[in-house]
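Just the heavy atoms: all of them, side chains too, but no hydrogens, waters or symmetry mates, feed the values below. Only a predicted model underlies this, so the values are computations on that prediction, with no experimental measurement involved. Chain identifiers are assigned alphabetically (A, B, ...) following the order of the sequence lines, protein sequences preceding nucleic acid strands; residue numbering begins at 1 within each chain.
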2 protein chains.
Amino acid sequence: MVARFPLSDADLDRLFRALADGTRRDIVARVLGGEQASVSVLAARYDMSFAAVQKHVAVLEEAGLVTKHPQGRERMVRGNPAQLARARELLLHLEGLWKSRFSQLDAVLAEPRLPQDD
Amino acid sequence: MVARFPLSDADLDRLFRALADGTRRDIVARVLGGEQASVSVLAARYDMSFAAVQKHVAVLEEAGLVTKHPQGRERMVRGNPAQLARARELLLHLEGLWKSRFSQLDAVLAEPRLPQDD
DNA sequence: ATAACGTACAACCATATGGTTGCACGTTTC
DNA sequence: GAAACGTGCAACCATATGGTTGTACGTTAT
């Protein structure tokens, strides 16, 4: 099995930061939902300038959450669910730390020898 | 079953933004892992001022990822895995949009009648 | 009581972010 | 070829972020 967390700390920063904006989450939802969407079609849906939406898409692209595919003069935006899955894996990992905390406690309780190390 | 997404858009902004920083992710990992940690004990582990770490903890607290519990003159920091689970649910939801896109396609293919609605 | 510790908060600074407008350039249409 | 369209990028602005130091204040220890 290959490493499932090929993301550097900086990658994770970009990934979560990209998700920390409502407009960007909405764009991700639309393109994952199958909406055939060029940048300008997306831009028409939001109450801000084209350039603003174009920047949001750029942020999503740098975070690996979407890819752009040239098609004539437009760039079709496609969602990348694999990157979402990676973010989800990190959260699972953190939640796993919580769970393992109790299984360690269980182990200590089941093992009456006292640990000597600090 | 109660609603599983009681988080407003602004809540989600705070939640993902809180996760978009390596120091904060590390703090979450430590406290979820069971490290008994006051703010100053946490601060000692990082190469920055106490005030900086205190601010990071405040950001995590506002995002609902940790809670502080006064104990004498210290504030013990505890992780809140439920909030992580909520973030994870959002990602699952987004990935679900992707999957449902294909099940819709499957439905269309399995149903030879042409849809009339746009 | 006084000193030391742990925390919170304000003020400040540099940089990042999210928005704007304007312009350049490739592509399509006429 | 000229006009219109879609995109990207630069410059600019206001505000947010992540860091600093200093100060105030409650709690613990001497």
Are any of the side-chain heavy atoms of B/Ile27 and B/Leu65 separated by less than 4.5 Å? no
Which part of the nucleic acid, if any, lies within reach of B/Gln54 when heavy atoms closer than 4.0 Å are counted: base, sugar-phosphate only, or nothing? base
D/dG18, C/dC5, D/dG8: which one has an atom nearest the side-chain heavy atoms of B/Arg73? C/dC5
Rounded to whole Å, the CG-P distance (A/Asp47 to C/dG18) equals 17 Å
Base, sugar-phosphate, or nothing for A/Ser49, non-hydrogen atoms under 4.0 angstrom? base
Nearest whole Å is fine: how far is C/dT7 C1' from B/Met76 CE? 13 Å
dist A/Arg25:CZ -> B/Asp13:CG (nearest 0.5 Å) comes out at 4.5 Å
With a cut-off of less than 4.0 Å, is there a side-chain N or O of A/Ser40 near OP1 or OP2 of D/dT7? yes
In this structure, how many angstroms lie between the C1' atom of D/dT7 and the NE2 atom of A/His56, rounded? 17 Å
Give one of base, sugar-phosphate or nothing for A/Ala51, where a contact means two heavy atoms less than 4.0 Å apart. base
Are B/Leu90 and B/Leu7 co-members of a hydrophobic cluster defined by side-chain heavy atoms under 4.5 Å apart? yes
Compare the minimum distances between each of D/dG18, C/dT7, C/dT20 and the side chain of A/Arg17, then state the nucleotide with the smallest one. D/dG18
note: A/Leu60, atom CG; C/dT17, atom P; distance rounded to Å ~ 13 Å
A/Arg45 with A/Glu35: basic N within carboxylate O range, under 4.0 Å: yes
A/Glu62 atom CD is separated from D/dG8 atom P, nearest whole Å, by 12 Å
Specify the separation, in whole Å, of atom CD of A/Gln71 and atom C1' of D/dT7. 15 Å
Per atom distances to the A/Phe50 side chain, the nearest of D/dT7, D/dT20, D/dG18 is D/dT7
Looking for any heavy atom pair under 4.0 Å, which part of the strands does A/Thr23 touch: base, sugar-phosphate only, or nothing? nothing
Gap between atoms NZ and P, on A/Lys55 and D/dC9 respectively (whole Å): 12 Å
Under 4.0 Å: is that the gap between some side-chain N or O of A/Lys68 and OP1 or OP2 of D/dG8? yes
Determine, using the 4.5 Å side-chain heavy-atom cutoff (strictly less than), whether B/Tyr46 and B/Val77 are members of one ILVMFWY cluster. yes
Rounded to whole Å, please give me the gap between CD in A/Glu74 and P in D/dG8. 11 Å
Nearest listed nucleotide, side chain of A/Arg75, among D/dT7, C/dA11, C/dA8: D/dT7
